[in-house]
There are 2 protein chains.
Amino acid sequence: MNSPQIDLRAIIKQEGLRYTQQREAVWLELQSSDSHRDAENIYFALRQKSINISRATVYRTIEILVKNNLVRKLDLGDGKNRYESKWGLTHHDHLICTKCGRIEEFFHEGIEEMQKEIAAQYNFTLTNHVHQLIGLCENCRADEA
Amino acid sequence: MNSPQIDLRAIIKQEGLRYTQQREAVWLELQSSDSHRDAENIYFALRQKSINISRATVYRTIEILVKNNLVRKLDLGDGKNRYESKWGLTHHDHLICTKCGRIEEFFHEGIEEMQKEIAAQYNFTLTNHVHQLIGLCENCRADEA
DNA sequence: AATTAGGTGAGATTCAATATCAATAAGGTT
DNA sequence: AACCTTATTGATATTGAATCTCACCTAATT
Ligand SMILES: [Mn+2]
Ligand SMILES: [Mn+2]
Ligand SMILES: [Zn+2]
Ligand SMILES: [Zn+2]
């Protein structure tokens, strides 16, 4: 939507990489909405905007963004990875409707703490976690009746 | 290990399906260990035991077992589904070591309850959840030093 | 402008999982 | 026990997300 609030160019260069049109385009596209999009979606969105890019480059660029903590990779269980920009967002986990695909975001401080306790109990060093609540959203539950 | 403690034949027939050697073999194989195995692993284990079966049938049979709540399907994030027999096991979630693949099981009543509360807050009908703590196990953390 | 090494894109490749369909076997009938 | 019907199986092809290959391109420095 607006100009990038993060100096991607600086981050890219700091990594010893080149700041290309494609890399900027993928980053801007990911920032342009707060939804959970797959690589194909990013690819088509860019082509629609007459931006020349290949699938391979979309995947490669996303990987760079993920490694630099600018983008989060999600496995929502439907066989393809989803991505969301981390810019301006705090950590959260997801509620997923299996019928319509609706995704809600939640955060629960208590659960976050308990995860740390559990990891400590098992002598695990926690680096990440996956927590998804699967079910039917309000609308879809009504449809079931 | 021992003979089946569940009357798979009855369950299969109740579904209007036929009780075949292959279906019995997959079920027995899944019961024979408490590990989290992928389809390929089941397939080779059976062939090793000179049981004639194809990959397709392994996949198809597992799906039947999953649908009948005898087996749990897990996505541990490595690109292939894992399966564990539900027989004799209570619900639990997993700690996963990203280095050695070690899997520990945990259960936390408090977290289970909080999940229900969160779902209620968002008007979701909870049918399932995915909860994995990702990190390094005791051994692998030591290796990092 | 010339140089050069990293980046890109079209297409091939991988790999788990599923689909196809002729051959087979489960299980009820006679 | 031989027979029939039809679900099931297995060899193979196919799908689809993701990655790899490598000739060509371009960002960035001189
Ligand atoms: Mn999110
Ligand atoms: Mn388990
Ligand atoms: Zn829904
Ligand atoms: Zn480990």
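Numbered from 1 within each chain, the chains take letters A, B, ... in sequence-line order. For the numbers below, each heavy atom of this structure counts, side chains included, while hydrogens, waters and symmetry mates do not.
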inquiry  = Based on the rotation axes of five pairs at each end, what angle does the helix from dA1(C)-dT30(D) to dT30(C)-dA1(D) bend through, to 10°?
reply    = 20°

ask   = Is a side-chain donor-acceptor pair under 3.5 Å present for H36(A) with E105(A)?
value = yes

query = Which parts of nucleotides 23-30 of chain C does protein reach within less than 4.0 Å, heavy atoms only, written one letter per nucleotide 5' to 3' as B for base, S for sugar-phosphate only and - for none?
reply = --BBSS--

Sequence neighbours excluded, every pair satisfying salt bridge (charged side-chain N to carboxylate O under 4.0 Å, His left out) that has a member inside residues 35-48 of chain B = E29(B)-R37(B), D38(B)-K80(B), E40(B)-R55(B)

message = Considering every strand and a 4.0 Å limit on heavy-atom distances, what is the contact class for N52(B): base, sugar-phosphate, or nothing?
response = sugar-phosphate

query = With a 4.5 Å limit on heavy-atom distance, are the side chains of Q115(A) and E112(A) in contact?
reply = yes

inquiry  = Does any part of the side chain of L65(A), heavy atoms only, come nearer than 4.5 Å to the side chain of L8(A), both counted from C-beta?
reply    = yes

ask   = Does the pair R72(B)/D93(B) count as a salt bridge with the N-to-O cut at 4.0 Å?
value = yes

message = What I'd like to find out is whether the side chain of L74(A) reaches to under 4.5 Å of the side chain of V130(A), using heavy atoms alone.
response = no

inquiry  = For DNA chain D, which residues of residues 58-81 of chain B approach it to below 4.0 angstrom with any heavy atom?
reply    = R60(B)

key: Salt bridge present between R82(B) and E84(B) (N-O < 4.0 angstrom)   = no

task = Please report, rounded to the nearest Å, how far the P atom of dA16(C) is from the OH atom of Y83(B).
result = 12 Å

ask   = Are the aromatic rings of H94(B) and H131(B) close, with centres under 6.0 Å apart?
value = no

query = Are the charged groups of K13(A) and E15(A) less than 4.0 angstrom apart, N to O?
reply = no

ask   = Between the side chains of R23(A) and T61(A), is a donor N or O closer than 3.5 angstrom to an acceptor N or O?
value = no

key: Rounded interatomic separation in angstrom, taking CD1 from I42(B) and C1' from dA16(C)   = 15 Å

request  = Starting from I118(B), walk the hydrophobic network (Ile, Leu, Val, Met, Phe, Trp, Tyr; side-chain heavy atoms closer than 4.5 Å) and list everyone else you reach, by chain and number.
outcome  = L95(A), F106(A), I111(A), M114(A), I118(A), Y122(A), F124(A), L126(A), L133(A), L95(B), F106(B), I111(B), M114(B), Y122(B), F124(B), L126(B), L133(B)

note = Students should find that the nucleotides of DNA chain D closing off the region near chain A, any atom under 4.0 angstrom from a heavy atom, are dA17(D) to dT29(D)

request  = Whole angstrom is fine here: how far is it from CD in E15(A) over to C1' in dA5(C)?
outcome  = 18 Å

ask   = Is the gap between the ring centers of H91(A) and H129(A) under 6.0 Å?
value = yes

ask   = Can R60(B) and E63(B) be counted as an ion pair, charged N to O under 4.0 angstrom?
value = no

